[in-house]
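Notes for the one structure printed next.
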Amino acid sequence: MSRVLVPCHVKGTVALQVGDVRTSQGRPGVLVIDVTFPSVAPFELQEITFKNYYTAFLSIRVRHHPSAHTPAKWVTCLRDYCLMPDPHSEEGAQEYVSLFRHQMLCNMARVSELRLILRQPSPLWLSFTVEELQIYQQGPKSPSMTFPKWLSHPVPCEQPALLCEGLPDPSRVSSEVQQMWALTEMIRASHTSARIGRFDVDGCYDLNLLSYT
Amino acid sequence: MLQEESDLSLIIAQIVQKLKGSNLYSQLERQAWASLQRPEIKLESLKEDIKEFFKISGWEKKLQNAVYSELSVFPLPSHPAAPPEHLKEPLVYMRKAQGSWEKRILKSLNSMCTELSIPLARKRPVGEQKELLNKWNEMGTDEPDLSLFRPVYAPKDFLEVLINLRNPNYENGDSLSFRTHLGLIQVPLKVKDIPELKECFVELGLNTGQLGIDDSTQVPPELFENEHVRIGQKVLAEQDSAAAQQYIRQGSPTALRAELWALILNISSEPEDVLYYEQLKTNVIQHDLLVDSLIYKDVKLTASNDDYYFVFEDYLYQVLLCFSRDTSVLSHFAYNSASPPKSYIRGKLGLEEYAVFYPPNGVIPFHGFSMYVAPLCFLYHEPSKLYQIFREMYVRFFFRLHSISSHPSGIVSLCLLFETLLQTYLPQLFYHLREIGAQPLRISFKWMVRAFSGYLATDQLLLLWDRILGYNSLEILAVLAAAVFAFRAVNLMEVTSLAAAEAVLADLSTLKVMPLLQIFLFATVT
C-alpha cells in the first residue's frame, strides 16, 4: 500500500508536572507533543513513524472530524503503547518505531490534529522524547482507466479447428511454454551478490598510514 | 497481521539474496540441471518434481541448514527508516565510544609503524616468497626479532574503556545513590537474573543428563552416556543443523564433537573451500603485513607458553595469517558495532578508488587473540577445515568479546551480567571484595574476553564451548565466571588485597565446568 508523507508542524514539548517547575526536585515524567497540519485538510492517517529517545509509554489522541456537520472531537487512538519493556534499562530506548492504522483503537479517517502523550516513569533518565516524527496518509490507489471495448468485452473465442490425432493439445503446450518462459525470466532477473575476494588494487597493496576518517 | 507478514517476507527476501551468492546456490542449480535427465521429472510439473527430487536426495536438508545458519547469525531486518549504523549498534553513545576506541587503536598502530619505519604492507620479493612457501608447515621454527613490537592493546586497556563508558542521558551523579552501580560497569543495560537464566538454560537443569557430569567414572554409562552417544550419531546421520544445536546443549561426546560443530556452523568441506584457503595462502606468500608480526608476537607470548597448546604453534600461524587476508570476513561488520580500518594506496591519499581496508579482513588482533584458535586445533587437523571453523566461530561469537555494543552477548552486557549476578546472590562476597579494592570484574574480565581459553583445562573448555554453540549466546561465560567466584567464596572472604584475590583465582585448571554451572543456577539457595 503506498503512502504519502503529510507535512506537519510539530510544536515544542510541554511537560506536565504537578507543582512549580522551579522548586520541585524531580523531573517531569509526562510530556505532550502537539502535531498540527496547517496546510492540509482532514485526511486519513495511515502510518506514524518516529525514533524513540528513552520514552517508555506512548499514548496518542487525535482530533477527529466524523463528518462535515458534527463538530470535531478528541479521541484516544492509542493507549499506553509500550516502547521500552523495562523503563530502567536501555532496551528499546533508541529504536525506530512504526505505528499503523490497524493498531489504532478508533477510525483514523478525517484527522486534523494529533497529540502525543509520552510517559517515562523511571527517574534515571535526564530527558526523553521522540524524534524524526513522520506522519503518512494513504497514497492514491491506481487510477481507474477506461479500457477499449475490445479488451473489456472480448469476443467469445471460436472453436478451433480439430487437429490431427498425433499432435499434442495446444493449450497444454502453451501452459508448459509459459512455465519455462517464467523460469528463464527469473534466472535472468537474479544476480548474485558474491564478493570477488581481492583486497589489493591492481596487484598493489603498498599502503600509507591508516586513515582516521 | 499485516505487519508480521510483511516482516516475514522481508526476512525471506534478505535470506534469499544472501544465499544467492553462496556455493550452495550454484550446487543446487547444477543438481537441478542434472536432474532433468531423470525420468520422474516431467516438463509440465517441473517445479514440483524438482522440489520432490531435492527432498529425497537430501539437498533440501542442506538448504534448510543454510537458512537456519543465516537466521542464527544475522539480526532481524530492522525498521526501513533505520540507517545501517543502527543495525550495527542502536545506541548512539555506544557507537561513539566504539569509534573513539578504534581511533586510539589506529593511532597506536600508526605510531608503531612510523617509530619502527616498517610499512603497513609490502610485496614480498620472489626469493622471500619461495622461502616462506618452503617453510609453510614449520613457521614456528622461525625466530624473527619481535622485541620492538608490542601488542596493540591488551584486555585490561579495553576494560578501562568499558569502565569509563557513560550514557549522557543517564543520571550519573557524583554522590552515591540508588542510581549508581556498585560494580565497574555504569551503563543500564538489560541483563537476565537467575530465574530468567534458569528458563533460558533449562537443559542444564538437575533433572537432565549432562556430559561433564553424568559421564564421570562413578556413573554407569547405561544411565545416560550410551543413549546420548546413540542420539548424537543419529543426529549426524540426519545432517540437521537445528537438531544438532539442540542436542549439543547437553554436551557432545568427544568422538562426535568435530562433526557436530561443523554441522552446527554449517561448514562443509567442498573443493571450493579448500581452493579458497589455498588462495588465502597465496595472498600470505605474496604480501607481508605489519599485522603478521603482531600475530607472531601474540602466538609466541601466549599459545607457545601454554602447556596444552604449544604443539599447535604452526597451525596457529597457518590459520591466523590467512585470516588476516580473508575479505569475506568484512561482511560481518554489517552487524558488528566495529568498523574496519581504512587506508589508501601510497601516493593516492583521499582518492576513493585507491581506498582499501587494512588488514584485508578488517580485524586488528590484540594480545591473546590467538587463544581463540588454539582449542580448535584439538578437533580439526586439516588446515582448511580448521580455518573455516575458526572463521565461522569468530563472525558468530568471538567478535562480540572485543567490541563495544549493547547486544546481550556483547562484552559490556556480559560484564554487567557477571557483576549483577555476584551482587544479587553473593552480596557479602561482593561487598568484601569491593571494600578491599578488588572489584571482581578486574579479575574475571580476562576470562570472559578469551572465552576462558587458556584458563580452563581443554576438555572442560570444549564442554563450555559446546554450550555456547548450543544456546547461540555467550551469556554462559558470565554465569561461569560468577559460579567460579561462588565456588571459591570461602577463600576469597579471607583475602585482604587485590593481589591476594588474584592469587586465589589464578589457577582454574582443576575446575569442572558443568557441576559449577549447575550448582550456581539450579542448586543455590537464594
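Order of the sequence lines fixes the chain letters, A, B, ..., with proteins taken first and strands second; residue numbering starts at 1 for each chain.
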Discussion item. Take a 6.0 Å sphere around OH of B/Tyr354 and say whether it holds more than 12 heavy atoms from other residues, nucleotides or ligands.
Written reply: no
Worksheet item: What's the spacing between A/Leu210 CG and B/Asn110 CG if we round to 0.5 Å?
Response: 4.5 Å
Worksheet item: Is the backbone N or O of A/Ser211 less than 3.5 Å from a side-chain atom of B/Ser343, with the two atoms forming a donor-acceptor pair by type?
Response: no
Worksheet item: B/Pro168 versus chain A, heavy atoms under 4.5 Å apart: side chain, backbone, both or neither?
Response: backbone
Worksheet item: Among B/Pro341, B/Ala81, B/Ser26, who wins on heavy-atom pairs under 4.5 Å with chain A?
Response: B/Ala81
Discussion item. Taking A/Gln94's backbone N and O only, do any of them form a donor-acceptor pair with B/His86's side chain (distance below 3.5 Å, no angle check)?
Written reply: yes
Worksheet item: Atom CG of A/Leu126 and atom OH of B/Tyr170: how far apart are they, to the nearest 0.5 Å?
Response: 10.5 Å
Worksheet item: Heavy-atom distance under 4.5 Å to chain A: side chain of B/Gln286, backbone, both or neither?
Response: neither
Response to the item:
Highest number of heavy-atom pairs under 4.5 Å with chain A among B/Val187, B/Asn361, B/Val356 belongs to B/Val356
Practice prompt. State, with a plain yes or no, whether a side-chain heavy atom of A/Val97 is found less than 4.5 Å away from one of B/His79.
Written response: no
Fill in: Contact origin within A/Thr49 toward chain B - heavy atom pairs under 4.5 Å
side chain
Worksheet item: Would you find more than 12 non-hydrogen atoms of other residues, nucleotides or ligands less than 6.0 Å from B/Arg166 atom CZ?
Response: yes
Fill in: Donor-acceptor contact below 3.5 Å, side chain B/Asn169 vs main chain A/Ser127
yes
Discussion item. If you count every heavy atom of other residues, nucleotides or ligands that lies below 6.0 Å from B/Arg122 atom CZ, does the total exceed 12?
Written reply: yes
Item to complete: Below 4.5 Å from any heavy atom of chain A, which atoms of B/Pro359 appear? Answer side chain, backbone, both or neither.
Response: backbone
Practice prompt. Report yes if the side chains of B/Asn167 and A/Glu90 come closer than 4.5 Å at any heavy-atom pair, otherwise no.
Written response: yes
Worksheet, complete the sentence: Of the listed B/Pro80, B/Pro119, B/Cys113, B/Pro90, the one with the largest count of heavy-atom pairs under 4.5 Å with chain A is B/Pro90
Practice prompt. Select one option (side chain, backbone, both, neither) describing which atoms of B/Val16 are under 4.5 Å from chain A's heavy atoms.
Written response: neither
Worksheet entry | Heavy-atom proximity to chain A below 4.5 Å, by part of B/Leu109 | side chain
Worksheet entry | Note, B/Tyr344 side chain near A/Leu207 side chain (heavy atom, < 4.5 Å) | no
Discussion item. Is B/Leu289 close to chain A through its backbone or its side chain, or both, or neither, when contacts mean heavy atoms under 4.5 Å?
Written reply: side chain
